[in-house]
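Worksheet: the structure to be examined is printed underneath.
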Amino acid sequence: MSSSIKKAGSEPFLISSYNAQRNNNPVIFELWGSKEAITKGIVKNLEGKQISKILPASIYKGEGQSITSQVLLTYVKVTQLSPVLHTLGKKCVVWLVPSLGASKSKSYESTEFNFTQEKESVQKLLSKDFVEDITLNHRPDRLLNERGNTFYKNGIQAYQSCSFDAAIKWLTKTLLIKLQLKEKRDAGVCYSNLGLAYHGFSDYEKAIQYHKNHLQISKEIKDRKEEGNAYENLGNAYHALEKHLEAIEEYEKSLKISKAINNREGESRVYTNLGITYNSLKKYRKAIECYENLLQITIKLGDEAKQSKAYAGLGQAWTYCGDYRKTIQSYEKGLQIAIKLGDKEGEKSANSGLGIAYHCLGNDLKAVEYHEKAREIAITLKDCEWERHANGNLGNAYYSIGNYTKAIEHHSMCLEIAIKTKNQEDKGKAYTNLGNAYCSLGKYYTAIKYHEEAWEIAESLQDHEGKRRAYSGLGNAYHDCKNYQKAIEYRKKALEIAETGEDLSSEAKANSNLGISLSRIQDYSKSDQCFIKSIEFFQKYSQT
C-alpha cells in the first residue's frame, strides 16, 4: 500500500470524555485514520491531552461473531465520549451495535452527521434522539461497501465537473473502503480515477504514483484491458511532464496490449496520443504514420467523429513538415465530416488549420476567409481562447497583405482577450504583433513602446523566445527610424538568444538583420560575416 494513501487516510480526530450508552449498547465511532495513528495518540481531547480510554474495537457481525478491523479503516470503542466533538469538518458515522451479552440480532442502527466545534449545538443534538433507527438485513461490511459506492459516485461527479480537489477526497475515501474489503478490482478503478483527478489538478507526479498502483493491481488480477489503460494513463502523465520518450514507451506497451485483445477503441486512443507526442518531439513523419493508422481504424469502426480528428492530426503534422498541399487536403476532408456531424469544435479547428496553410502558401486572402470562419464559430461557442487565436491569425494575415490598420484592429482584440483572461504570454505576443504593425505604418515610437511592453512581460516570465521577438522588434523599429547603433544593440541581443535555441530560421533571420544594420554604418567586414552565416543557416533550415 502506498504511503500517499496512508497519509490521505490519517486525519487527526479530537475527542474528550462523555458517558455515551444507549439501550446498554456501546457506541462505536468510525474514524478516518490509521490504527497506527490512533494508537500513537493522534486522537486528543480539546485541551490537547491524549485519550487513554480508547481501544481498537471489533466489527460485530449479525451472528454475534466479531473480526478485528484492519488496514486503514479503524473502528474504535469509546466508553466515554464528549458532547463537544470535533472532526475537523469531516463526517463521522455512529454505530449502535448489540453488546456481546445481548441476544443475537441482525439489526443495526446508524446515522451520519457533521459535528461542529459549537458545544451548544452538539449538546442540543445529544439531548434529542438524533440517531435514526434503520433496520438492515445484511452485515456491516455490506453497508460499508454501499457507502463506498456512494462515495465513488460523488467522486466521479466531482471529477466530471472539474472539482478535482473534491474528487480526490471522495475517491480516497472510496479507496480506503475497497482496500478494507479487499476488493482489488474496485480498488484498481479507484487508483485509476485518483490518478486522473491528480492529473486534472496538474499534480502529474502524484498521478503517476496512482496509475502505477492501478497497473500493479491490473497485473495481479490479470485484467489486460485495465493494464492497457494504466499504461496509457501513465503515458499521458509523462507527456504532461514533457517526458516524451517515457510517454512513448508507456504508449507502446498500451498499444501492444490493445492489439493483442483486439481493443480497437484503446488502439485508436493510443495512436492519437502517439501522434501528439511525436509532433512534440518534431518527429513529424512518425506522427503522420500514427495518424494514418488511426484513420484506418476509425474507418473500420465507422467512427466519423474520430475520422475527423485523425484528419486534423494529419493536417497539423503535414503543416509541421511544410507540405501545405497535403495539409489542405487533410483539413478539407476533416472539415466535410465536421460539417456533416454538426461538430462545431472540429469545424473551428479545421478552418483555423486551413487558414494557417493558405497563409504559409502566401494566399492570405484565402487565409483571411478561413480565419474569419474560425473566429465566428469561436464567438458562437463563447470560446475566448480560440477567439483570441483567430484574431491573432487574422492580424498576421492582414499584416502579410499589407493592410496594417486591419492587422492592428485584430491584434488589439487579441490583446483585449489576453488581458481579460489574464494570459501574460498571449498578452506579450499581442504587444509584439502590434509593435510590428505600427512600425510598418511608420509609427516607430509607438512600435518601440509596444515592444518594450512585450520585453517586460517576457522577462517576468523568463520567456527567452518572447525576449528574442521583443529584441528583434526593437531592432527593426530603431533601424527603420535610422538609429542604427540602437538597432545593432538590440539585433545582437536577438541573435544571442537565437544562437542558444534550435530554430535555424530565427538564427538565419537574426544574422541577416544584424548584417543589414552593420552595413548602414559601413562595417562591411562584420556585415558580410553575418550575411554568410545567414545563408548557411537558411540552407540548413531548407534541408530539415
Evaluation steps, ring pair (Phe, Tyr, Trp, His ring centres under 6.0 Å), between Tyr331 and Tyr311: CA-CA 6 Å; Tyr331 276 125; Tyr311 281 124; 9.8 Å; no
Main-chain N/O of [Y] paired with [X] side-chain donor or acceptor, under 3.5 Å:
{"X": "Ser308", "Y": "Ala305", "result": "no"}
{"X": "Ser192", "Y": "Gly188", "result": "no"}
{"X": "Asn363", "Y": "His359", "result": "no"}

For [X] and [Y], does a side-chain donor sit closer than 3.5 Å to a side-chain acceptor?
{"X": "Arg269", "Y": "Asn236", "answer": "no"}
{"X": "Asn193", "Y": "Tyr152", "answer": "yes"}
{"X": "Trp318", "Y": "Tyr324", "answer": "no"}
{"X": "Asn149", "Y": "Lys178", "answer": "yes"}
{"X": "His479", "Y": "Ser517", "answer": "yes"}
{"X": "Arg375", "Y": "Asn351", "answer": "no"}

Straight-line distance of [X] [atom1] to [Y] [atom2], nearest 0.5 Å:
{"X": "Glu292", "Y": "Leu295", "atom1": "CD", "atom2": "CG", "result": "8.0 Å"}
{"X": "Glu385", "Y": "His389", "atom1": "CD", "atom2": "NE2", "result": "8.0 Å"}
{"X": "Glu499", "Y": "Asn511", "atom1": "CD", "atom2": "CG", "result": "6.5 Å"}
{"X": "Cys481", "Y": "Tyr444", "atom1": "SG", "atom2": "OH", "result": "7.5 Å"}
{"X": "Glu304", "Y": "Ile299", "atom1": "CD", "atom2": "CD1", "result": "10.0 Å"}
{"X": "Asn273", "Y": "Ser268", "atom1": "CG", "atom2": "OG", "result": "9.5 Å"}

Can [X] and [Y] be counted as an ion pair, charged N to O under 4.0 angstrom?
{"X": "Lys348", "Y": "Glu345", "answer": "yes"}
{"X": "Lys449", "Y": "Glu452", "answer": "no"}
{"X": "Glu465", "Y": "Arg468", "answer": "yes"}
{"X": "Glu267", "Y": "Arg264", "answer": "yes"}

Indicate the ring-plane relationship of Tyr191 and Tyr210, choosing parallel, tilted or perpendicular according to the 30° and 60° boundaries. tilted
Determine the interplanar angle of the Trp170 and Phe151 rings, folded into 0 to 90°, and report it as parallel if under 30°, tilted if 30 to 60°, perpendicular if over 60°. tilted
For Tyr431 and His451: C-alpha separation, side-chain torsions, deciding distance, then whether ring pair (Phe, Tyr, Trp, His ring centres under 6.0 Å) applies. CA-CA 6 Å; Tyr431 278 134; His451 287 308; 9.9 Å; no
Close aromatic pair by centroid cut-off 6.0 Å: [X] and [Y]:
{"X": "Tyr159", "Y": "Phe164", "result": "yes"}
{"X": "His410", "Y": "Tyr398", "result": "yes"}
{"X": "Tyr438", "Y": "Tyr450", "result": "yes"}
{"X": "Tyr251", "Y": "Tyr231", "result": "no"}
{"X": "Tyr271", "Y": "Tyr291", "result": "no"}

Taking every non-hydrogen atom, the tightest pair across [X] and [Y]:
{"X": "Cys414", "Y": "Arg388", "answer": "SG-CG, 3.3 Å"}
{"X": "Ile417", "Y": "Cys384", "answer": "CG2-O, 3.6 Å"}
{"X": "Leu415", "Y": "Lys427", "answer": "CD1-CG, 3.6 Å"}
{"X": "Ala454", "Y": "Gly428", "answer": "CB-O, 3.6 Å"}
{"X": "Ala374", "Y": "Ser352", "answer": "CB-N, 4.0 Å"}
{"X": "Ala207", "Y": "Gly195", "answer": "CB-O, 3.2 Å"}

Passing candidate, salt bridge (Lys or Arg N to Asp or Glu O under 4.0 Å) with Glu265, options Lys225, Lys306, Lys300: Lys306
Sole residue of Thr327, Asp364, Ile328 in side chain to side chain contact (heavy atoms under 4.5 Å, CB included) with Tyr358: Ile328
Could you tell me whether Lys509 atom NZ has more than 12 heavy atoms of other residues or ligands within 6.0 Å of it? no
What do the steps show when you test Tyr399 against Tyr404 for side chain to side chain contact (heavy atoms under 4.5 Å, CB included), and what is the final call? CA-CA 5 Å; Tyr399 182 87; Tyr404 305 122; 3.6 Å; yes
Within-4.5 Å side-chain heavy-atom neighbours: [X] and [Y]:
{"X": "Glu489", "Y": "Gln485", "answer": "no"}
{"X": "Ile288", "Y": "Cys321", "answer": "yes"}
{"X": "Val368", "Y": "Ile401", "answer": "yes"}
{"X": "His371", "Y": "Ile356", "answer": "yes"}
{"X": "Lys333", "Y": "Ile337", "answer": "no"}
{"X": "Ile208", "Y": "Lys212", "answer": "yes"}
{"X": "Lys344", "Y": "Asp383", "answer": "no"}
{"X": "His244", "Y": "Glu242", "answer": "yes"}

Take His214 and Glu226 through the side chain to side chain contact (heavy atoms under 4.5 Å, CB included) test and state the conclusion after the steps. CA-CA 8 Å; His214 177 214; Glu226 286 300 316; 2.8 Å; yes
Within 45° cone and under 6.0 Å: Lys283 NZ/CZ vs Tyr278 ring: no
Would you sort out whether Tyr484 and Lys482 count as a side chain to side chain contact (heavy atoms under 4.5 Å, CB included), showing the intermediate values? CA-CA 5 Å; Tyr484 301 123; Lys482 299 183 180 181; 3.5 Å; yes
Might you work through the side chain to side chain contact (heavy atoms under 4.5 Å, CB included) test for Ser527 and Ile516, ending with a clear yes or no? CA-CA 7 Å; Ser527 68; Ile516 292 169; over 6 Å; no
